[in-house]
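So you know, we letter chains A, B, ... as the sequences are listed, proteins then strands, and number each from 1.
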Number of protein chains: 2
Amino acid sequence: MQTAASITLNSRISAPPRARSQAHIRPVIFHAPDCVIYAQGERTRSLYQIEYGAVRIYRLLADGRRQIVAFHLVGETFGFEINDTHSFYAEAMVNTGLISIERDAGGQLNDRLVGVALKAMVRAQEHLLVVGRQSSLEKIAVFLVDLADREGGADVIDLPMSRIDIGDYLGLTIETVSRTISKLRDMGIVRLRNARSIEIVKPEKLRMLSN
Amino acid sequence: MQTAASITLNSRISAPPRARSQAHIRPVIFHAPDCVIYAQGERTRSLYQIEYGAVRIYRLLADGRRQIVAFHLVGETFGFEINDTHSFYAEAMVNTGLISIERDAGGQLNDRLVGVALKAMVRAQEHLLVVGRQSSLEKIAVFLVDLADREGGADVIDLPMSRIDIGDYLGLTIETVSRTISKLRDMGIVRLRNARSIEIVKPEKLRMLSN
DNA sequence: CGAGCCGTTGAAACTAGTCAATTATTGTGG
DNA sequence: CCACAATAATTGACTAGTTTCAACGGCTCG
């Protein structure tokens, strides 16, 4: 159960990882769930590193549907754009603390920025392989394995996102997402501690499905 | 109808566009249809610019399926990778002439390389939006509109790829690709001069579908 | 405690996939 | 140049899987 946001915020602000050798400490900016971090069309200000929480990156399609192109978790950096204009939305999914990473003075691409861009590209390409797959079982399996790895490789996955988010990420409806997770449960591969906490009982079988 | 490859090759080799101010002229390397330009796992040698022809970029999945992540047409540059190892295959789809673009001496990222990388990233993200769509009609519509734009905006699209390629690109079977194109024909939106040449009769309707 | 949202489950409708047969196109050898 | 073979594309019938519509259960927050 989550405690009050301000407590979490304050407990972290004094010890940011990857602290630069600069005089001032970068402030942690707090975002409540569903709070917009930046919007499509907005001018790019900086990159963001997640201190705690989780973020979804998405685009709204003309017909109102939403395609989530990426989830970002603790420790990850996001916010890279080609132009100086954001072509995606970024929203906090849970209580989230961010530190912003400024560009160079001249607005030039520095090594860090390029690194983030490349990682984003790899993610997008990998995600393409997943979304292009046929079966919902494969999609969900890949999704869970990826999330487990990124959360530190533990057996228990803490989902920061709703079923709607997962559906918009994988190109499925919430019903199919739910049914597929239920199927994995019935197959004895996962166990649901609650809707947002999934225990992987048989990791090797899950990986087989996500092959 | 295509003439002998060598003739096409020779007719182009003397006038490469974007010629650098260097002493020697870069040779145009010829590739026959289905010829591998580079393979997954191979060491990255250079970037490639398409003088004539068309190229598919794809990855083979563990179960033998093939996900095409990009098509490249005349004038476009491809071959960028994060590591010095290719994580995708590149194959010519028709008779194709390439000129190679070397990296800097130190293997550093130069502006050109970064530009290609960014364009590839944008493409991957855009493609994600397409593949994540539900209906085959939308996918095919987006595909055709994109191709028409990239071929110069004319009403007649020359498809350098097979139905299998299109299917592997959009996450559809060849039958569905064929049926969907036939449906567009029955709707009076396109006309098939032959299987590889599609005339867009009602561009505005096609764009509406691809919205 | 009740309202509201999130998630699950069921049944029907529909879309895309699979299997199979037919037609069109391309290439090869006589 | 034509006949034939091989490949590519289309179409049909059927099946499987996902979406849609709907109802219900459970958790959270006022």
Once you round it to whole Å, what is the distance between [atom2] of [N] and [atom1] of [X]?
| X | N | atom1 | atom2 | result |
| --- | --- | --- | --- | --- |
| B:Ile181 | D:dA8 | CD1 | P | 16 Å |
| A:Lys183 | D:dG17 | NZ | P | 7 Å |
| B:Leu137 | C:dA16 | CG | P | 8 Å |
| A:Glu138 | D:dG17 | CD | P | 12 Å |
| B:Leu172 | D:dA9 | CG | P | 15 Å |
| A:Glu175 | C:dA11 | CD | C1' | 13 Å |
| A:Ile164 | D:dT20 | CD1 | P | 13 Å |
| A:Ile174 | D:dT20 | CD1 | P | 11 Å |

D:dG17 base to A:Arg179 side chain: any donor-acceptor pair below 3.5 Å? no
Just checking [X]: base, sugar-phosphate only, or nothing, at a heavy-atom cut-off of under 4.0 Å?
| X | value |
| --- | --- |
| B:Ser178 | base |
| B:Leu192 | sugar-phosphate |
| B:Gly167 | nothing |

Minimal heavy-atom distance between A:Val69 and A:His127, with the atoms involved, is O-ND1, 3.4 Å
For B:Ser182 and B:Arg185: C-alpha separation, side-chain torsions, deciding distance, then whether side chain to side chain donor-acceptor pair (under 3.5 Å) applies. CA-CA 5 Å; B:Ser182 297; B:Arg185 164 173 53 72; 3.3 Å; yes
Using the ring centroid of each side chain, check whether B:Phe71 and B:Tyr169 are separated by less than 6.0 Å. yes
Of B:Ser162 and A:Ser136, the one whose closest nucleotide on DNA chain D sits nearer the 5' end is B:Ser162
The answer to which of B:Asp34 and B:Thr176 contacts DNA chain D further toward the 5' end, by nearest nucleotide, is B:Asp34
_Using OP1 and OP2 only, check whether a side-chain N or O of B:Arg196 sits under 4.0 Å from D:dA9._
yes
| said: Less than 4.0 angstrom between a side-chain N/O of A:Ser135 and OP1 or OP2 of D:dG17, yes or no? | reply: no
Report task. Answer yes when A:Arg163 and A:Glu175 have at least one side-chain N-carboxylate O distance shorter than 4.0 Å, and no when they do not. Result -> no
Q: Indicate yes or no: does B:Arg45 engage B:Asp84 in a salt bridge with an N to O separation below 4.0 Å.
A: no
Quick note, B:Arg185 side chain, CB onward, closest among C:dG17, D:dT18, D:dT10 is D:dT10
